Structure formats: structure tokens, C-alpha cells
Protein chains: 2
Amino acid sequence: MTKAHEGNLPAVTEEMSQRFDAWQEAGFDAANCPVRDVLDRVGDKWSVLILTALAEEPKRFSALNRAVGDISKRMLTQTLRTLQRDGLVDRTVYPTTPPTVDYRLTELGHSVLEPLSALIAWAETRHDDIRAARNAFDEDEAVAA
Amino acid sequence: MTKAHEGNLPAVTEEMSQRFDAWQEAGFDAANCPVRDVLDRVGDKWSVLILTALAEEPKRFSALNRAVGDISKRMLTQTLRTLQRDGLVDRTVYPTTPPTVDYRLTELGHSVLEPLSALIAWAETRHDDIRAARNAFDEDEAVAA
DNA sequence: CGGCATCCATGATGATACTG
DNA sequence: CAGTATCATCATGGATGCCG
């Protein structure tokens with residue numbers, strides 16, 4: 001019954017349970033939850049990619065479009081607007097013809113790279129484990145059927 | 001033009017741009033992207049909440065149902081299945097009548113709490129900034145209209 | 001170049017009822 | 001208790017075409 005993780009990560013475990021208890025007591029209003037707010041942006045299809053693309057230097061709309069790859073102009077515009085609205089990205093228009101617009105991370109946008117980078121690193125180092133678990137699960141399922 | 005964030009977080013910035021370059025070179029297959037895999041789970045409506053609820057101790061289905069709050073049995077089942085499939089959660093059935101089932105984090109599940117906790121902490125400390133940015137943005141929009 | 005408006009397909013989520 | 005099955009709904013995202 002005892003798994004390999006008994007007592008391995010007490011600090012974070014403690015942290016998370018306390019957070020959960022706090023949410024419980026506060027009633028946990030999902031509509032106004034900071035975590036949900038952030039995860040909505042982190043969880044959508046393009047935000048993380050755009051944030052990453054802007055990490056090094058500001059980029060223009062069309063440069064972003066090329067950099068991100070197969071994103072449509074519609075989604076690029078929409079995602080950038082949301083990131084801008086949330087204060088993660090700054091939009092600058094230069095009154096040239098044709099118009100020139102560039103996007104850059106704000107201080108807030110830069111600061112989110114830190115926790116985000118940790119999550120991405122976890123994803124990359126642990127992805128093999130996820131894939132293995134997935135294959136095992138699907139095989140068991142196939143046997144059961 | 002120079003913002004307050006010039007040269008503030010060089011390490012993470014560097015990390016992220018290198019990651020982005022690596023993705024570019026590799027062709028960035030979105031269908032088989034580790035980050036996308038993780039974000040899909042982190043970004044959905046219930047996974048983080050369930051992971052958090054299971055941080056301290058294993059819980060039974062109905063206990064989870066109560067703990068998480070307004071989740072439907074349907075979504076609880078579905079989310080738990082996915083978490084189990086990805087190897088983050090372990091499901092144990094005790095052959096009693098009526099049936100007893102409990103869910104607990106695997107080592108992999110525990111390990112993701114670390115980067116996740118950092119992201120949640122960021123969300124909670126920076127949420128005021130996000131809200132402020134959002135209000136400012138919406139006001140400007142209202143003025144323009 | 002940097003968008004916006006429109007339409008549409010898909011998947012995610014919710015409500016409800018039923019079951020071993 | 002711990003689900004499954006079915007249907008309805010809604011948000012997300014893609015395709016296309018137009019504009020200053």
C-alpha cells in the first residue's frame with residue numbers, strides 16, 4: 001500500500017492542503033477565483049506559446065504570426081487582446097503607412113514566465129512518464145473490452 | 001519606452017527564448033507536445049481543484065464530490081479517469097457492498113504539485129494587478145465607444 | 001500590415017435519469 | 001456508493017472575406 005511518495009514532498013503537500021482548506025472556508029467563488037483566471041489564460045491554446053515567443057524581444061503582429069506557426073490571424077488577435085487586457089502584454093502602434101504594431105511583455109507578463117517555466121520544465125522532464133501511464137491504461141482497457 | 005522590467009529577470013527570459021527556439025527547430029508538433037499535454041489537464045475546469053483536494057490525503061468518490069463543491073458526478077468521473085490515465089492519480093476499489101473506491105495521488109501526481117503550487121502562488125499574489133489592468137482596459141474601451 | 005465581422009464545426013460541460 | 005447513459009447547451013477555435 002505504501003507508495004514511493006510517502007513523505008517525499010511534505011512542504012508542497014502541506015502548502016496545497018492549506019490552500020484547499022482556505023478555499024473551502026472562503027466558499028470558493030469559482031466566478032472570481034484568481035487561479036481560475038490564470039489557468040484560463042494558461043490553459044487556452046495559444047497564450048503560453050505567445051508569451052514564450054515574446055520572452056526574448058518584442059515582436060510585430062506578422063512576426064508573431066510567423067513565429068507561432070499555424071495560428072490564424074483571428075486567434076492571434078483575440079489572444080493578444082486578452083493578454084493585453086489582463087496586463088501581460090503591451091501593444092504599441094506606430095503611425096506609419098502601412099501600420100506598424102508591436103507587442104511586448106509587461107513586467108507582469110515577464111513575472112509569470114517564472115512559474116510558467118517551472119511547469120513547462122516539469123512537463124518536458126515527466127512527459128515520458130505520462131505517455132507510459134497512458135499506454136498502460138489504454139492496454140488494460142483494451143484487454144477488458 | 002524603457003519599462004520597469006528591463007533586465008529584471010534574465011535567467012527565465014533566456015530559458016524561455018531558448019525553449020522557443022528549440023521548439024521552432026523541432027518543428028513544434030502541437031499534436032504531440034508535452035507542454036500542451038500538461039496544459040490541457042491544468043487548463044481544464046476541475047483537474048487542479050481535484051489535485052489540490054487530493055494533496056493531503058486519499059479521498060473517496062463522494063468525499064471528493066463534496067470537497068470540490070459544485071462539480072457534477074459526470075465531470076468528476078471523467079476528470080478522475082483522465083488523471084488516472086495520465087498517471088497522476090491512482091484508483092483503488094475495495095470489494096465491499098456498497099462499493100468503496102478511493103483516489104490518491106501517485107508520485108507523478110505529487111510531483112506536479114510543485115510547479116503547480118508556484119503558479120497558484122503567482123496567481124494569488126498578482127491577481128490584484130490583473131484585475132487592475134482589466135478595469136483600466138475596459139474603461140478605455142468604454143471611452144472609445 | 002494589422003486587423004474585424006461572419007459563419008460554422010467541434011468539443012467541453014451541465015442536467016437528468018437510471019443501475020450494479 | 002459509485003458510477004453510466006443520454007440529451008441539451010455553450011464556449012472555443014478555424015475558415016473565409018472585407019477594410020483602412
Side-chain angles (χ1 to χ4, degrees), chain A residues 30-31 33 36-37 39-50 53-54 58-86 89-104 137 140-141 144-145, chain B residues 28 30-31 33 36-50 53-54 58-86 89-104 137 140-141 144-145:
Chain A
C33 170
R36 190 61 57 79
D37 260 6
L39 293 183
D40 279 352
R41 222 115 329 291
V42 160
D44 72 11
K45 199 168 175 182
W46 303 110
S47 291
V48 171
L49 219 44
I50 292 178
L54 290 177
K59 283 191 172 61
R60 296 179 53 178
F61 185 89
S62 47
L64 267 175
N65 204 355
R66 279 189 303 276
V68 172
D70 59 348
I71 189 174
S72 65
K73 285 189 298 179
R74 171 169 147 49
M75 287 315 297
L76 182 55
T77 302
Q78 182 177 306
T79 307
L80 283 170
R81 280 289 176 284
T82 309
L83 290 171
Q84 184 193 354
R85 188 173 105 100
D86 285 358
V89 160
D90 204 35
R91 176 177 184 266
T92 312
V93 183
Y94 303 97
T96 57
T97 50
T100 303
V101 179
D102 77 12
Y103 294 88
R104 70 189 63 223
F137 184 91
D140 287 2
E141 213 182 30
Chain B
F28 189 65
C33 170
R36 190 61 54 82
D37 259 7
V38 171
L39 293 182
D40 279 352
R41 222 114 333 289
V42 160
D44 72 11
K45 201 169 174 183
W46 303 110
S47 291
V48 171
L49 218 44
I50 291 178
L54 289 177
K59 284 191 172 62
R60 296 178 54 178
F61 185 87
S62 48
L64 267 175
N65 204 354
R66 280 189 303 275
V68 172
D70 59 347
I71 189 174
S72 66
K73 285 188 298 181
R74 173 173 147 55
M75 286 315 297
L76 182 56
T77 302
Q78 182 176 305
T79 307
L80 283 169
R81 280 290 177 283
T82 308
L83 291 172
Q84 184 192 354
R85 188 172 106 99
D86 285 358
V89 159
D90 204 35
R91 176 177 183 267
T92 312
V93 184
Y94 303 97
T96 58
T97 50
T100 302
V101 179
D102 78 11
Y103 294 88
R104 71 188 63 221
F137 185 89
D140 288 1
E141 214 182 29

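To find a chain, count down the sequence lines: A is the first, B the second, and so on, and within it residues start at 1. Here the structure is a predicted model, which means the values were calculated and not measured.
B:L49 has its CG atom 15 Å from the C1' atom of C:dT13, to the nearest Å. Distance B:M75 CE to D:dA2 C1': 17 Å, rounded to the nearest Å. Residue A:D44 contributes atom CG, which lies 21 Å from atom P of C:dT10 at whole-angstrom precision. Look at CG on A:L76: it is 16 Å from P on C:dA5, rounded to the nearest Å. Distance NZ (B:K59) to C1' (D:dG3): 20 Å, rounded to an integer number of Å.
For the residue pair B:S47 and B:D44, a side-chain donor N or O sits within less than 3.5 Å of a side-chain acceptor on the partner.
At C:dG3, one or more side-chain N or O atoms of A:R81 fall inside 4.0 Å of OP1 or OP2 (strictly under the cut-off). Between B:K45 and the phosphate of C:dG14, there is a side-chain N or O to OP1/OP2 separation shorter than 4.0 Å. At D:dA2, none of the side-chain N or O atoms of B:R74 fall inside 4.0 Å of OP1 or OP2 (strictly under the cut-off). Put simply, A:R60 has a side-chain N or O that comes within less than 4.0 Å of OP1 or OP2 on C:dG2.
In the helix from C:dC1-D:dG20 to C:dG20-D:dC1, the terminal helix axes, each the rotation mapping four pairs' C1' atoms onto the next four within five end pairs, subtend 50°, rounded to 10°.
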Kindly indicate, with the supporting measurements, whether the criterion side-chain contact (heavy atoms from CB on, under 4.5 Å) is fulfilled by A:N65 and A:M75. CA-CA 10 Å; A:N65 204 355; A:M75 287 315 297; over 6 Å; no

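The two residues A:K59 and A:A53 make their nearest non-hydrogen contact at NZ-O, 2.8 Å.
Of the residues near DNA chain C, A:T77 and A:P99, the one whose nearest nucleotide (by heavy atom distance) lies more toward the 5' end is A:P99.
Residues from residues 63-72 of chain A lying near DNA chain D, meaning a heavy-atom separation below 4.0 Å, are absent.
Of the possible donor and acceptor atoms, none in the side chain of A:T100 sits under 3.5 Å from a partner among the backbone N and O of A:T96.
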